[in-house]
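Just so it is clear, the structure is predicted and the values come from calculations on it, not from any experiment.
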Amino acid sequence: MIKVFIVDDHIVVIEGINALLQNEPAVDVVGYATSAAQCLQFFTTKTADVILMDISMPGMDGIELCKIIREKYPGIMVLALSTFDQGAYVRKMMENGASGYLLKNAGKQELINAIHTVARGGNYLSFDATQSLKLETQKQKSLPRLTKREKEVLALIVAGMTNTQIGQQLFISPDTVDSHRKNLHLKLNVNNTAMLVKFALENNLT
């Protein structure tokens, strides 16, 4: 019997998943949580084999929660169940220890197949998640290569620091920071700081 725990901030979603699985002979839904805090509280005294985990939740999101669960309870498998079909979300969940990624428009049989696959130690990516991950990988490969220093400067620009503040942080002159900033504009084909920050966030460059 596979013990399943559901984490989603929408009760209607939890009830829907529960209804799909309640007559499945090899699956037992042992509980649910509507937040990361509730989930972590449950696992201080109880356990499960597979967690069906949403990504978008108030407070701590599913990406961070997945990492914590996998570090504290390596025997519990995480199957992401999300409306997000962007490759960046798929990649982040898998990097943080998820064993699978399924979109919420999946049918009952695919959900059951995914639960069985991750429960026995395998990985399961839905067709849409696989395609999104491929596109994300291609996009990452096509991005210009930044030097270590350029990445450091970019991260501090995204954090809202001025050239002077960045210079103090990295022990370089404001003029050197400005040179790095201009190089970043040129490499990433942007015209101003707002565009630079937007591009960095959208492409996970920091």
Checklist outcome for this item: Between Lys104 and Leu81 the two heavy atoms that sit nearest each other are CE-O, 3.4 Å
Next on the checklist: Is it the case that over 12 heavy atoms from other parts of the model lie below 6.0 angstrom from the NZ atom of Lys3?
Outcome noted: no
Checklist entry - Is the ring centre of Tyr32 less than 6.0 Å from the ring centre of Phe5? => result no
Checklist entry - Can you name the one residue among Lys182, Lys187, Arg181 that meets salt bridge (Lys or Arg N to Asp or Glu O under 4.0 Å) with Glu150? => result Lys187
Checklist outcome for this item: Between Leu40 and Met60 the two heavy atoms that sit nearest each other are CD1-CE, 4.5 Å
Next on the checklist: Can you give me the closest heavy-atom contact between Met57 and Asp61, atom names plus distance?
Outcome noted: CE-C, 4.1 Å
Item to check | Leu156 and Gln165: CA distance, side-chain angles, deciding distance, side chain to side chain contact (heavy atoms under 4.5 Å, CB included) verdict | outcome: CA-CA 9 Å; Leu156 296 176; Gln165 290 170 327; over 6 Å; no
Next on the checklist: Check whether Thr47 reaches the backbone of Phe43 with its side chain - one donor and one acceptor, N or O, closer than 3.5 Å.
Outcome noted: no
Checklist entry - Between Asn203 (side chain) and Phe199 (backbone), is there a donor-acceptor pair under 3.5 Å? => result yes
Next on the checklist: Please check this pair: side chain of Arg70 against backbone of Ile76, looking for a donor-acceptor N/O pair closer than 3.5 Å.
Outcome noted: yes
Checklist entry - Do the side chain of Ser132 and the main chain of Asp85 share a donor and acceptor less than 3.5 angstrom apart? => result yes
Item to check | Neighbour count above 12 (heavy atom, 6.0 Å) for Lys108 NZ | outcome: yes
Checklist entry - Hey, is the main chain of Ser126 close enough, under 3.5 Å, to the side chain of Tyr101 for a donor-acceptor pair? => result no
Checklist entry - Distance-only, no hydrogens or angles: does the Gln131 side chain make a donor-acceptor pair with backbone N or O of Asp128 under 3.5 Å? => result no
Checklist outcome for this item: Value for SG (Cys66) from CD (Glu71), rounded to nearest 0.5 Å, stands at 9.5 Å
Next on the checklist: If you apply the rule side chain to side chain contact (heavy atoms under 4.5 Å, CB included), what do you find for Asn123 with Thr117, and how did you get there?
Outcome noted: CA-CA 6 Å; Asn123 291 322; Thr117 300; 6.0 Å; no
Checklist entry - For Asp178, does its backbone N or O pair with a side-chain atom of Asp175 as donor and acceptor, under 3.5 Å? => result no
Checklist entry - Short question: side chain of Asn192, backbone of Ala194 - any donor-acceptor pair under 3.5 Å? => result yes
Next on the checklist: Go through it in stages, so that I can follow the logic: the residues are Ile55 and Ile63, the test is side chain to side chain contact (heavy atoms under 4.5 Å, CB included), and I'd like the CA-CA distance, side-chain angles, deciding distance and then a yes or no.
Outcome noted: CA-CA 6 Å; Ile55 293 177; Ile63 294 168; 4.1 Å; yes
Checklist entry - Considering all heavy atoms of both residues, which atom of Met1 and which atom of Pro25 are nearest to each other, and what is their separation? => result CE-O, 3.1 Å
Next on the checklist: Do the side chains of Arg149 and Glu152 get close enough for a salt bridge, i.e. N-O under 4.0 angstrom?
Outcome noted: yes
Checklist outcome for this item: One should read off an interatomic distance between Asp49 CG and Leu79 CG, to the nearest 0.5 angstrom, of 13.0 Å
Item to check | Gap between atom CD of Gln169 and atom CD1 of Ile166 - 0.5 Å precision | outcome: 9.0 Å
Next on the checklist: As a quick check of understanding, evaluate side chain to side chain contact (heavy atoms under 4.5 Å, CB included) for Thr34 and Ile14, giving each step before the final call.
Outcome noted: CA-CA 9 Å; Thr34 57; Ile14 292 171; 4.0 Å; yes
